[in-house]
Amino acid sequence: KNQVEQSPQSLIILEGKNCTLQCNYTVSPFSNLRWYKQDTGRGPVSLTIMTFSENTKSNGRYTATLDADTKQSSLHITASQLSDSASYICVVSANSGYSTLTFGKGTMLLVSP
Amino acid sequence: NAGVMQNPRHLVRRRGQEARLRCSPMKGHSHVYWYRQLPEEGLKFMVYLQKENIIDESGMPKERFSAEFPKEGPSILRIQQVVRGDSAAYFCASSQDGAGADTQYFGPGTRLTVL
């Protein structure tokens, strides 16, 4: 069964600090891994997408890494801002020919002033 | 270029009534996906449609739920005879070509409350 596990479940950090969110998956055959940001009451917004051959990808202050051997990914947020407060969702796509996705439950990040 | 539109944003129904959720994909997108998000849970895939075709409905309950994406107009997710357990946020996403790395763009969701 395809599964995506994220940790921690929730996290509180001070504004300006860095943090790293973790994602482990058991999705096969693997196609790609995405990180989404979901603000409260809104739909998820794509941050990064990585295929099997990519180890790291950045989008501004967000840097995602992928280790396809250990089936782990991380999302590093640098110099956090209050607007980074959101749920961060790891999403893995199986190679089924089209994009059906398996979602993690998300890490709820709160950036405190 | 407007994003994915969903309406209504909030819907309240009594048990036994019907709920109709609408999704207009981004301009130029012909692939639509519906997901359900229960409180404290991750999004769960329900159904994948292209224009006039259901490609994969493996995540959709066999009874009471149906989806369509007509040639003209928005995609519709229809829930008949709603029950309290149907209360959730329903998200629609669209993509350009549906291939493996194709990015799905999400709408703001419809929050269904069943009284």
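Chain naming here is simple, since letters A, B, ... match the order of the sequence lines and numbering starts at 1 in each.
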Self-check item: Residues of residues 102-113 of chain A near chain B, each having a heavy atom less than 4.5 Å away
Solution: A/F103, A/G104, A/K105
Exercise. Tell me, for A/Q38 versus chain B, whether the close heavy atoms (under 4.5 Å) come from the side chain, the backbone, both or neither.
Key: side chain
Self-check item: B/V47 with B/F65, same ILVMFWY side-chain cluster at under 4.5 Å
Solution: yes
Quiz prompt | Residues, nucleotides or ligands: over 12 heavy atoms within 6.0 Å of B/Q96 CD | solution = no
Quiz prompt | Residues, nucleotides or ligands: over 12 heavy atoms within 6.0 Å of A/K17 NZ | solution = no
Quiz item: Measuring heavy-atom distances to chain A, does B/Q37 have an atom under 4.5 Å in its side chain, in its backbone, in both, or in neither?
Solution: side chain
Practice problem: Mark yes when over 12 heavy atoms from residues, nucleotides or ligands other than B/R15 sit less than 6.0 Å from its CZ; otherwise mark no. | Solution: no
Practice problem: May I ask whether A/L11 and A/Y88 are part of the same hydrophobic cluster, defined by side-chain heavy atoms of I, L, V, M, F, W, Y residues being less than 4.5 angstrom apart, directly or through others? | Solution: yes
Exercise. Indicate if B/F106 and B/L21 have the same hydrophobic cluster label, given that clusters are the connected sets of ILVMFWY residues with side-chain heavy-atom separations under 4.5 angstrom.
Key: no
Quiz item: Just wondering, more than 12 heavy atoms not from B/Y105 lying within 6.0 Å of its OH?
Solution: no
Quiz item: Nearest 0.5 Å, what's the CG-CZ distance between A/N2 and B/F45?
Solution: 12.5 Å
Quiz item: Do the side chains of A/V91 and B/Q104 get nearer than 4.5 Å, heavy atoms only?
Solution: no
Exercise. Give a yes or no on this: more than 12 heavy atoms of other residues, nucleotides or ligands lie within 6.0 Å of atom CD of B/E68.
Key: yes
Self-check item: B/I79-B/V12 co-clustered via ILVMFWY side chain contacts under 4.5 Å
Solution: no
Exercise. Start with the C-alpha distance between B/F91 and A/R42, add both sets of side-chain angles, then the distance that settles side-chain contact (heavy atoms from CB on, under 4.5 Å), and finish with yes or no.
Key: CA-CA 9 Å; B/F91 289 94; A/R42 308 291 292 273; over 6 Å; no
Exercise. Kindly work out whether a path of hydrophobic side-chain contacts (I/L/V/M/F/W/Y, heavy atoms less than 4.5 Å apart) joins A/I49 to A/F52.
Key: no
Quiz prompt | side-chain contact (heavy atoms from CB on, under 4.5 Å) assessment of A/L101 paired with B/Y35 | solution = CA-CA 10 Å; A/L101 311 175; B/Y35 297 89; 3.7 Å; yes
Quiz item: When rounded to the nearest 0.5 angstrom, what distance separates OH in A/Y36 from CG in B/L43?
Solution: 10.0 Å
Quiz item: When only heavy atoms count and the cut-off is under 4.5 Å, which of residues 80-90 of chain B reach chain A?
Solution: none
